[in-house]
*Asks:* 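Below you will find the structure I want to go over with you.
Every chain is numbered from 1, with letters handed out A, B, ... down the list of sequences. All values below were derived from every heavy atom in this structure, side-chain atoms included, with hydrogens, water molecules and symmetry-related copies excluded. For clarity, every value in this text was computed on a predicted model and none was experimentally measured.
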Amino acid sequence: MKIATWNVNSVKARLPNVLSWLNAAAPDVVLLQEIKCETASFPALEFEPLGYRVHAVGQKSYNGVAILSRLPVEDLIERLPGEPEDVQARYVEGTIGGLRIASLYLPNGNPVGSEKYPYKLRWMERLKAHVGELLAREVPFVLGGDYNVIPAPEDVYDPEGWSGDALFRRETREKFREILNLGLTEAFRALHPAARHAYTFWDYQAGAWPRDLGLRIDHFLLSPQAADRLAGCTIDRSPRGQEKASDHTPVLLDLAD
DNA sequence: ATGGTTGTTGGACAA
């Protein structure tokens with residue numbers, strides 16, 4: 001089973017790029033983030049000819065996630081549990097072929113001095129609690145998305161320059177590690193321990209892409225049973241170099257059947 | 001130090 005995750009930075013602005021990539025890469029499941037549209041205005045008709053059913057959770061202007069799947073999706077949840085008053089569209093999870101699969105868009109958290117950073121940490125704590133429940137139920141699961149977390153210095157072009165940023169500061173990395181240490185596998189790093197410049201995001205500004213000044217912030221976290229099936233995890237840089245590119249590029253996960 | 005870009009949306013705000 002091939003699962004892709006991609007922060008597309010507006011599904012409508014990115015439609016030609018996304019459709020052409022899906023035609024070539026042909027993943028079974030696609031996890032999208034930052035669709036930047038309301039649920040009802042997701043261009044589902046554009047994806048159905050490619051064989052995908054669409055399960056979007058959107059809101060006006062910002063955020064928004066979706067799962068596209070060639071197999072039926074069951075038992076959808078459309079919010080991360082733990083903070084009912086949080087209405088931001090950042091999480092969708094369903095069962096596909098016996099696997100729980102989530103598309104998540106973890107809060108950016110900048111600027112650190114604002115209320116956005118504690119919101120990010122609370123969101124990570126909620127994710128940790130939810131992972132604990134999934135593990136207790138012994139359901140195999142894959143959590144893919146834009147984590148807005150740089151896990152380690154080798155995942156950023158300038159670690160010192162980013163040391164105070166919400167994506168890289170110690171509290172953020174510690175919380176991410178706490179989640180991993182519940183027993184999850186971060187697929188890309190597990191398969192490619194020595195990889196460098198394996199970025200998934202390059203800012204639009206200051207020539208970050210041509211200078212390869214990137215970050216690795218889009219990840220797949222796997223439960224133990226899903227990790228047993230881990231057959232591949234790759235970053236496809238080619239979409240980032242195209243016209244009208246998203247600032248993120250897709251990551252592809254391959255699970256043995 | 002500042003500015004550099006893109007998307008939504010029609011002025012900021014988010015990233």
*Asks:* Please give, in whole Å, the distance from B:dT6 P to A:Lys244 NZ?
*Replies:* 9 Å
*Asks:* Please tell me if the side chains of A:Ile217 and A:Thr200 come closer than 4.5 Å, counting only heavy atoms from C-beta onward.
*Replies:* yes
*Asks:* Which pairs would a plain distance check flag for residues 47-57 of chain A, meaning a side-chain donor or acceptor within less than 3.5 Å of a matching protein atom at least two apart in sequence or in another chain?
*Replies:*
from    : atom 1 : to      : atom 2 : distance (Å)
A:Tyr52 : OH     : A:Pro27 : O      : 2.6

*Asks:* Within residues 103-116 of chain A, find the residues that approach DNA chain B with a heavy atom at under 4.0 Å, and present them sorted by residue number.
*Replies:* A:Tyr105, A:Asn108, A:Lys116
*Asks:* What interatomic distance, in whole Å, is found between P of B:dT2 and the corresponding atom of B:dA15?
*Replies:* 22 Å
*Asks:* Output the rounded distance in Å from CD1 (A:Ile35) to C1' (B:dT8).
*Replies:* 14 Å
*Asks:* Quickly work out the A:Asn17 CG to B:dT6 C1' distance and round it to whole Å.
*Replies:* 13 Å
*Asks:* Here's a test of your reading of the structure: between A:Asn63 and A:Lys60, which maps to the more 5' nucleotide of DNA chain B?
*Replies:* A:Lys60
*Asks:* Against the six-membered ring of A:Tyr117, is A:Arg169 placed for a cation-pi contact (under 6.0 Å from the centre, within 45° of the normal)?
*Replies:* yes
*Asks:* Using the ring-ring contact (aromatic ring centres under 6.0 Å, His included) rule, collect all pairs that involve residues 223-257 of chain A, keeping only residues at least two apart or in two chains.
*Replies:* A:Phe201-A:His248
*Asks:* Send over the distance from A:Tyr119 OH to B:dA14 P, rounded to a whole Å.
*Replies:* 13 Å
*Asks:* Quick one: A:Gln205 CD to B:dA15 C1', roughly how many Å, whole number?
*Replies:* 9 Å
*Asks:* CG of A:Asp203 versus C1' of B:dT5: gap in Å, rounded?
*Replies:* 7 Å
*Asks:* Side-chain donor-acceptor contacts of residues 180-188 of chain A below 3.5 Å, not counting sequence neighbours, with atom names and distances?
*Replies:*
from     : atom 1 : to       : atom 2 : distance (Å)
A:Asn181 : ND2    : A:Arg177 : O      : 3.4
A:Glu186 : OE1    : A:Arg216 : NH1    : 3.4
A:Glu186 : OE1    : A:Arg216 : NH2    : 2.8
A:Glu186 : OE2    : A:Phe188 : N      : 3.3
A:Glu186 : OE2    : A:Arg189 : N      : 3.3
A:Glu186 : OE2    : A:Arg216 : NH1    : 3.0

*Asks:* For atom P, what is the distance between B:dA12 and B:dA1, given to the nearest Å?
*Replies:* 27 Å
*Asks:* Are A:Arg14 and B:dT6 close enough that a side-chain N or O sits under 4.0 Å from OP1 or OP2?
*Replies:* no
*Asks:* Would you mind listing every ring-ring contact (aromatic ring centres under 6.0 Å, His included) that reaches into residues 69-107 of chain A, with sequence neighbours excluded?
*Replies:* A:Tyr91-A:His130
*Asks:* Could I get the full list of side-chain hydrogen bond (donor to acceptor under 3.5 Å, both in side chains) partners for A:Ser41, not counting sequence neighbours?
*Replies:* A:Lys12
*Asks:* Check the distance between B:dA14's C1' and A:His248's NE2 and give it to me in whole angstrom.
*Replies:* 12 Å
*Asks:* Please state how far atom CD in A:Glu34 lies from atom P in B:dA14, giving the value in whole angstrom units.
*Replies:* 12 Å
*Asks:* Where each residue is assigned the nucleotide of DNA chain B containing its nearest heavy atom, which of A:Asp247 and A:Lys12 is assigned the position nearer the 5′ end?
*Replies:* A:Lys12
